[in-house]
Amino acid sequence: MDINVAIIEDQLEIRESLATLLRGSFGFSLAATYENAEDAMEQLPAIDPHIALVDIHLPGKSGIIAVKALKKVCPNTLFMMVTAFEDNENIFNALKAGATGYLLKTTPPAKILEAITDLAQGGSPMSAQIARKVVASFNALKQVNAELEKLSGREQEILNLLSKGFRYKEIGDKLFVSTETVRTHISNIYQKLQVNSRTDALNKVYGEK
Amino acid sequence: MALEMAKLNSKEKDSLFNSDRTQQLAEMREKYEADKKQDTIRLLAQQKLIDDLKISNQNAEMVKQNSVWVAGILILIVIGTVSWLLNSRGKAVEKALLQAEILKKENEMQLAVFEAENSERTRIARDMHDELGSGLSKISILTANVMQKAATIADVSADMETISKTARSLVGNMSDLVWALNADDSTLDYLTARLREFMSDFLEDCHIQYTAVFPDLVPHIQIGKEIQRNVFLSFKEILNNAVKHSHSSLISIEYLISNRQIEISISDNGKGFDVEHVRKYGNGLKNIKTRMEKISGTYTLHSEMEKGSRSLLSFTL
């Protein structure tokens with residue numbers, strides 16, 4: 001079955017060329033395109049695509065806000081942020097809001113398709129700098145609330161290697177597991193991060209406890 | 001007759017009377033004239049008095065003004081002397097203070113210029129990236145599309161492949177450049193991670209075997225952006241050269257830290273070249289040398305025909 005992909009992107013040229021790429025590539029289909037977060041928040045739930053590519057900087061509501069709202073009503077959709085440059089702060093916030101991947105606009109087409117396939121199969125990309133932010137976020141939350149999701153020893157190991165600049169394959173070789181397993185771990189780390197972010201948000205609403 | 005007499009009488013009387021009046025009038029006039037003269041004299045005298053008073057007043061005023069001037073000049077002289085004395089006394093201290101102030105201002109200006117340059121560089125990088133980046137992405141994506149459609153026409157396909165490759169490499173270069181210019185996180189451990197990350201991604205993409213030795217623990221110390229940028233771009237250029245020109249099957253990267261001295265060596269088992277005659281890659285090599293010199297580091301290159309090359313980047317924090 002084709003991977004059904006929606007695009008939320010305000011720049012016409014990028015939107016159109018991504019659409020052309022998806023339409024013309026074997027194994028992919030284009031679900032819908034939106035110019036802004038508002039339209040997508042209204043119409044995407046009915047379409048329920050496998051994957052949504054979401055630009056971080058949109059004219060009205062940001063892509064991060066869109067993901068936060070859509071994640072609740074589209075539980076089957078995986079959100080991949082699209083950004084002009086490695087804007088780590090925003091990428092990290094989007095990941096906490098519910099995105100599971102991110103993509104630079106400058107990524108070559110073959111790699112874009114590869115990243116979409118990876119995401120659909122349960123993998124998630126994580127750069128050294130994002131890994132650092134994830135580690136810092138878990139460390140900061142550790143003292144605050146015992147009920148928060150904790151990282152397993154293996155997950156900590158993987159994050160540590162990632163933050164030192166090791167890539168998935170190298171980590172797999174080093175830990176004697178497959179690249180696939182490394183991917184699954186990273187995906188789980190993202191899920192815990194999102195659960196914690198939600199709990200963290202609740203904590204902020206209902207006070208410290 | 002009598003009437004005539006009477007008339008004459010009265011005439012006489014009249015004339016008599018007339019002469020009396022004339023005399024009276026003359027007397028009055030005389031008196032009046034005298035009075036008038038007297039008045040004029042009095043007025044003149046008064047005027048003279050007033051004038052005299054005025055003159056004496058003016059004289060007094062002039063004396064007063066003169067003394068104010070004198071006093072003022074005296075005060076000025078006193079102030080001048082005192083301040084000159086004070087000045088010459090505190091001159092050494094004041095001069096030192098002034099110099100310190102000038103130095104501080106100069107430093108501030110240099111810092112401001114440096115910061116302005118930095119932020120301008122970042123702005124240009126971002127603008128360039130946003131503008132060119134999306135255009136290049138489009139070219140890159142569209143050529144991929146055309147290549148799929150024209151897969152059967154060999155000539156078109158080959159040309160499109162070249163266009164696509166060029167656009168892709170420009171996009172990649174730009175992303176790395178923007179990172180090197182932007183990176184807010186200039187610490188040694190992050191630079192090391194970034195080098196490692198780039199190395200793995202790049203060499204895996206090129207399907208080249210590699211071995212990497214990096215220290216387990218890299219200290220989390222702040223480094224300058226200049227170091228960060230120049231080391232990263234030099235490292236990238238060396239790996240690029242090794243992949244593009246050496247035809248090697250194995251690349252070895254070794255990263256050593258001892259105290260504040262860092263050495264990064266990149267060796268390949270490729271065809272090597274004559275270091276003395278490397279016109280072909282001259283510019284790239286010169287760039288690396290200049291980059292390393294900018295951060296008071298060194299770049300050395302050894303190569304032997306048919307045995308491979310070894311590049312060494314060395315710098316101190």
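By convention in this document, chain letters (A, B, ...) are assigned in the order of the sequence lines, proteins followed by strands, and residues within each chain are numbered from 1.
Between atom CG of residue B/D189 and atom CZ of residue A/R132 there is a gap of 4.5 Å, rounded to the nearest 0.5 Å. Within the model, atoms CD of B/E204 and NZ of A/K169 stand 5.5 Å from one another, a figure rounded to the nearest 0.5 Å.
The environment of A/E16 atom CD is dense: over 12 non-hydrogen atoms of other residues, nucleotides or ligands sit within 6.0 angstrom. Within 6.0 Å of NZ on A/K71 lie more than 12 heavy atoms contributed by other residues, nucleotides or ligands. Annotation for A/K61: atom NZ does not count as buried by contact number, only 12 or fewer foreign heavy atoms lying within 6.0 Å. Applying the 6.0 Å contact sphere to CD of A/Q43 captures more than 12 heavy atoms from other residues, nucleotides or ligands.
The shortest non-hydrogen separation linking A/K164 to B/D216 is NZ-O, 2.6 Å. Heavy atoms only, all atoms of each residue included: B/S200 and A/R167 are closest at CB-CG, 3.2 Å.
Interface remark: A/S163 contributes backbone atoms only to the contact with chain B (heavy atom separation under 4.5 Å). Contact of B/D201 with chain A is made through backbone and side chain together, with heavy-atom distances under 4.5 Å.
At a cut-off of 3.5 Å, with distance as the only test, a side-chain donor of B/Y210 or A/E170 sits close to an acceptor on the other residue.
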